[in-house]
Amino acid sequence: MAAALAEAALAPVHGDVPIGAVVLDGSGAELARAHNERELTGDPTAHAEVLALRRAADRLGSWRLEDCTLVVTLEPCTMCAGAVVLSRVRRLVFGAYDPKAGAVASLWDVVRDPRLNHRAEVVGGILSDQCGAVLQEFFAAQR
């Protein structure tokens with residue numbers, strides 16, 4: 001989570017919400033990392049999770065990330081939760097819960113929905129206070 005927090009700190013430089021994500025392989029080695037880049041790129045899908053998953057798939061040469069863990073500072077939204085399912089990530093670890101848009105525990109549970117073809121293991125609330133504080137500070141400065 002420390003690596004994801006360090007990545008999140010890069011996002012406000014270009015006006016993006018500070019969310020960071022890291023993809024680890026089965027041995028725990030880092031494959032890829034990313035932070036939000038929606039403002040930077042003008043791409044509505046440029047969430048940290050999606051970018052990190054794309055980079056990990058590129059590095060592995062496969063869209064199947066079956067032995068991978070995605071670590072992200074905020075509970076994923078529906079788009080990112082869907083990307084976790086579709087990339088077949090084995091484990092999702094997230095920091096702060098997102099009561100307004102969280103699609104892993106708060107509003108929905110997309111990644112463990114038994115109707116889908118893949119379900120990820122989920123570990124939530126890791127360094128949640130620290131992850132939440134980064135977001136609170138960012139939005140306080142925006143007001």
Side-chain angles (χ1 to χ4, degrees), residues 1-139 141:
M1 189 59 74
L5 280 163
E7 188 67 24
L10 302 174
V13 172
H14 44 77
D16 275 291
V17 176
I19 298 171
V22 178
V23 179
L24 308 172
D25 70 12
S27 70
E30 184 177 312
L31 288 173
R33 64 171 59 192
H35 57 275
N36 277 0
E37 294 183 8
R38 291 187 311 166
E39 298 296 332
L40 178 66
T41 63
D43 178 355
T45 68
H47 288 202
E49 301 96 321
V50 170
L51 296 174
L53 292 171
R54 285 178 186 162
R55 291 171 187 164
D58 186 52
R59 184 159 177 202
L60 291 175
S62 174
W63 61 268
R64 290 179 181 90
L65 304 178
E66 295 167 326
D67 291 328
C68 294
T69 296
L70 173 65
V71 180
V72 61
T73 57
L74 182 66
E75 177 184 358
C77 69
T78 52
M79 176 182 68
C80 294
V84 167
V85 172
L86 294 174
S87 64
R88 299 192 178 140
V89 165
R90 180 173 23 132
R91 180 181 303 111
L92 168 66
V93 177
F94 69 89
Y97 286 84
D98 185 353
K100 293 182 180 178
V104 176
S106 296
L107 297 179
W108 301 282
D109 191 355
V110 172
V111 300
R112 293 177 288 196
D113 190 317
R115 297 170 292 182
L116 299 176
N117 68 330
H118 175 76
R119 284 168 291 290
E121 175 189 339
V122 175
V123 180
I126 304 301
L127 297 179
S128 62
D129 290 343
Q130 190 175 351
C131 292
V134 169
L135 291 164
Q136 289 172 344
E137 291 168 13
F138 174 79
F139 287 114

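Using modelled atom types, one side-chain atom of Glu75 and one backbone atom of Ala105 make a donor-acceptor pair closer than 3.5 Å. No side-chain donor-acceptor contact under 3.5 Å links Thr78 to the backbone of Ala103. Using modelled atom types, one side-chain atom of Asn36 and one backbone atom of Ala48 make a donor-acceptor pair closer than 3.5 Å. Of the possible donor and acceptor atoms, one in the side chain of Arg112 sits under 3.5 Å from a partner among the backbone N and O of Val104.
You'll find the side chain of Val84 stays beyond 4.5 Å of the side chain of Val110, heavy atoms only. Using a 4.5 Å heavy-atom threshold, the side chains of Asp98 and Leu107 count as separate. Under the 4.5 Å side-chain criterion, counting only non-hydrogen atoms from C-beta, Glu30 is in contact with Leu24. Taking 4.5 Å as the limit, some side-chain heavy atom of Arg38 sits within range of a side-chain heavy atom of His47.
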For the pair Val72 and Cys80, evaluate side-chain contact (heavy atoms from CB on, under 4.5 Å) and give the outcome as yes or no after the intermediate values. CA-CA 10 Å; Val72 61; Cys80 294; over 6 Å; no

Working note: Asp16 + Leu10, criterion side-chain contact (heavy atoms from CB on, under 4.5 Å); need CA distance, chi angles, decisive distance, verdict. CA-CA 9 Å; Asp16 275 291; Leu10 302 174; over 6 Å; no

Begin with the C-alpha distance, continue with both residues' side-chain angles, and end with the deciding distance and a verdict on side-chain contact (heavy atoms from CB on, under 4.5 Å) for Trp63 and Leu86. CA-CA 9 Å; Trp63 61 268; Leu86 294 174; over 6 Å; no

side-chain contact (heavy atoms from CB on, under 4.5 Å), that's the test. Do Leu5 and Leu127 meet it? Break it down for me. CA-CA 10 Å; Leu5 280 163; Leu127 297 179; 4.2 Å; yes

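Between Ala96 and Gly132, the closest heavy-atom pair is CB-N, 3.8 Å. The minimum heavy-atom distance between Met1 and Ile126, with the atom names listed, is CE-O, 3.8 Å. Considering all non-hydrogen atoms of both residues, Val123 and Glu121 come closest at CG2-OE2, 4.1 Å. Closest approach of Cys68 to Leu31, counting heavy atoms only: SG-CD1, 3.6 Å. Glu39 approaches His14 most closely through the heavy-atom pair CB-O, 3.7 Å. For the pair Leu74 and Leu135, the tightest heavy-atom approach, listed with the atom from each and the gap, is CD1-CD1, 3.8 Å.
Between the side chains of Glu7 and His35, at least one donor-acceptor pair of N or O atoms lies under 3.5 Å.
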For residues 49-57, dump all side-chain donor-acceptor pairs below 3.5 Å to protein atoms at least two apart in sequence or in another chain.
residue : atom : partner : partner atom : Å
Arg54   : NH2  : Thr45   : OG1          : 3.3
Arg55   : NH1  : Arg33   : O            : 3.0
Arg55   : NH2  : Glu37   : OE2          : 3.3

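The CD1 atom of Ile19 sits 9.5 Å away from atom CZ of Phe138, with the distance rounded to the nearest 0.5 Å.
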